[in-house]
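Presented below is the structure to which this report refers.
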Amino acid sequence: MERLGIEVEDKKPKAKEVGLQELPGTHENIVLRFAPNPSGPLHIGHSRAAVPNAEYVKRHNGKLILRIEDTDPKRVYEPAYEMIPEDLEWLGIKPDEVIYQSDRFEIYYDYARQLIEKGAAYMCTCDGATFKELKDNCKPCPCRDNSVEENLELWDKFDTMDAGEAVLRVKTDINHKNPAIRDWVAMRIVDEEHPRLGTKYRLYPMMNFSVAVDDHLLGLTHVLRGKDHLANTEKQKYLYDHMGWDVPEYIHYGRLKMEDIALSTSKAMEGIEEGTYSGWDDPRLGTLRAIARRGIDPRTIYDLITEMGVKMADSAISWKKIYGLNRNFLEPVANRYFFCENPQLIEVEGYDDGSVDIERPLHADHLDRGNRILPFDGKVYLAESDIKDGIFRLMDAVNVNINGEEITYHSTSFEDAREIKARIIQWVPVDDNVNVKIVMDDASTKEGLGEGALRDLEVGDVVQFERVGFARLDEIKDDELVFYYAHK
RNA sequence: GCUCCGGUGGUGUAGUCCGGCCAAUCAUUUCGGCCUUUCGAGCCGAAGACUCGGGUUCGAAUCCCGGCCGGAGCACCA
């Protein structure tokens, strides 16, 4: 009986526990965050960060914070404030709390001052090039020796200086073997209008500063981030040290490479503005909304990213894998229909059984869903590419012999078709059909006719056009149904 | 160039910390077969990998050293 219990338990969590390694550190009351820069909607690359955070929180019943990192007005795309939560919701991720860094400037100012008072930060009026020259040679810049009083005085007039005239630096180790770590910038002046703040502030925190302050203040227990932040983690640790804070558990994951599309948010935006792309959900883009529009189930992405886990090695995501996984979700739900691209009207010569109603199940494995009815009377549409010499079976109807322009009746039974190894092709009734357009993943289109039963569908339904592939109904027009193609 | 980090089938992973039970897991992919009916779905089966060279050891995917390859960072971006 013990054996029985174990077996049952082993089977349940199997699929979900795959990939994601156990979280280091505490598992009690964990607090994690997903912290995107609002420069556009979420890209598939963002799921690399969002999914593991959400999954860990789910497994350990912790708290997930969505923190919008909008501390660079030049890199804020206003609609992204709305789009990011929508995209997360699509992925099935519900943050427990949403924080905007642009609401927290006074907090950053407060901690900046504290650092200065502790002698852990200084106002630097060197120009960038000069500082870099000194820093690269392990030499402190003259400002580093300013007294706390001098620094406070400069800090107080910081707001009246010109952009570039001064910055606030956090002291690290001027001899650190990695030059990038040496005395990094915490605050700078930005004269740019912020979508949420307007021109209220001129003193902007640098990412390393606001992130460290917030990670601490928000009680983060673990910080999951890409390995491109490895050096930043080290920088931020100096700040924790200065403040006497406990560092969270840091976990770094490798880069996610996407086969084919390497489109950055900025490139996508450019393409949209130029009209190359129809919008953020253009099927060629790697945004979550584009993927969703094509009928990719969010669980496909969620499960795949979970399987990849948080290891440091880079990984490349392949469409084949996505399609393969997605097919598992779509296959049982997608009902089957006939579609003929570039339909050609043909008449089966010698057919004289009159008009019959052909019934086919919506799904061969789920007969309870009922049948579609396709009236057949010897005149049908066939896909242009299916009209080739030979004997074919018009699925569920009759077998025909195609010889050039001539299409003649051969037989009716399926057994006859098998015997002569006739291929089966789909057809569309002359009397009951609907215009169909399928937008492919490269934005090209297939136009043709589909069977009349397609009129029962609603936007968002995913179907399988037999021998064509899975597609999601995107729009119902007066005289046409527009589908977006997913995959075979 | 400097600093740091990686390298298991085509792709994504398990195993690496605590060497043997790994002639290496699972998924996807590809191929083959099956199917009273999708030449493109489904079902079944098969194929396919420890980056290389040394070393330690009775024994190494696992530990050590070196090479090769790949990636990231080196901003008043995040």
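A quick note: this is a predicted structure, and the numbers were derived from the prediction, not measured. Throughout, a chain's letter reflects where its sequence line sits, starting with A, and its residues are numbered from 1.
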With sugar-phosphate taken as primed atoms, P, OP1 and OP2 and all else as base, the protein-contact string of nucleotides 39-44 of chain B at under 4.0 Å (heavy atoms; B, S, -) is BBSS--
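Neither OP1 nor OP2 of B:U36 sits under 4.0 Å from any side-chain N or O of A:Arg360. For A:Thr71 and B:C77, the shortest distance from a side-chain N or O to OP1 or OP2 is not below 4.0 Å. In this structure, A:Lys227 does not reach the B:G6 phosphate: none of its side-chain N or O atoms is under 4.0 Å from OP1 or OP2. Phosphate proximity of B:C4 to A:Lys177: present, with a side-chain N or O under 4.0 Å from OP1 or OP2. Contact annotation: A:Arg225 does not reach the phosphate of B:A78 (side-chain N/O to OP1 or OP2, under 4.0 Å).
For the P atoms, the distance linking B:C77 with B:C17 amounts to 43 Å, nearest Å. The C1' atoms of B:C18 and B:A60 are separated by 14 Å, rounded to the nearest whole Å. Look at the P atom in both B:C43 and B:A23: the space between them is 32 Å, to the nearest Å. Straight-line distance between the C1' atoms of B:G71 and B:A14: roughly 23 Å, to the nearest whole Å. Annotation: B:G66 and B:C5 have their P atoms spaced 13 Å apart (nearest Å). Comparing the P positions of B:U51 and B:U8 gives an interatomic distance of 6 Å, to the nearest angstrom. Rounded to whole Å, the separation between the P atoms of B:C63 and B:C2 comes to 27 Å. Distance check on atom C1': B:C76 versus B:C69 gives 36 Å, rounded to whole Å.
Checked against the 6.0 Å centroid threshold, A:Phe465 and A:Phe483 count as a close aromatic pair. The aromatic ring centres of A:Phe376 and A:Trp427 sit less than 6.0 Å apart.
Atom-to-atom, CD1 of A:Ile181 to P of B:A75 comes out at 11 Å; the value is rounded to the nearest Å.
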Bracket string, RNA chain B, 5' to 3' - pairs by Watson-Crick or G-U geometry under 3.5 Å, | interstrand: (((((((..(((.......[.....)))((((((.......))))))...(((((..]....))))))))))))....
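Residue-level contact check: A:Asp396 touches the bases, meaning some heavy atom is under 4.0 Å from a base atom.
Counting only N and O atoms by type, the side chains of A:Asp173 and A:His176 include no donor and acceptor under 3.5 Å apart. No side-chain donor from either of A:Tyr302 and A:Asp297 sits under 3.5 Å from a side-chain acceptor of the other. Defined by atom type and a distance below 3.5 Å, a donor-acceptor pair is present between the side-chain atoms of A:Asp214 and A:Gln101.
Relative orientation of the A:His43 and A:His46 rings is perpendicular, given thresholds of 30° and 60° on the angle between their planes. Classification of the A:His252-A:Tyr250 ring pair by plane angle, with boundaries at 30° and 60°, yields parallel.
For residues 319-335 of chain A, the pairs satisfying salt bridge (Lys or Arg N to Asp or Glu O under 4.0 Å) are A:Glu307-A:Lys321, A:Glu331-A:Arg336, with sequence neighbours left out.
Closest approach of A:Pro95 and A:Leu88 over heavy atoms only: CG-CD1, 4.1 Å.
Heavy atoms from other residues, nucleotides or ligands lying under 6.0 Å from CD of A:Glu359 number more than 12.
Projected onto RNA chain B by closest heavy-atom contact, A:Ala313 and A:His363 fall at different nucleotides, the more 5' of which corresponds to A:Ala313.
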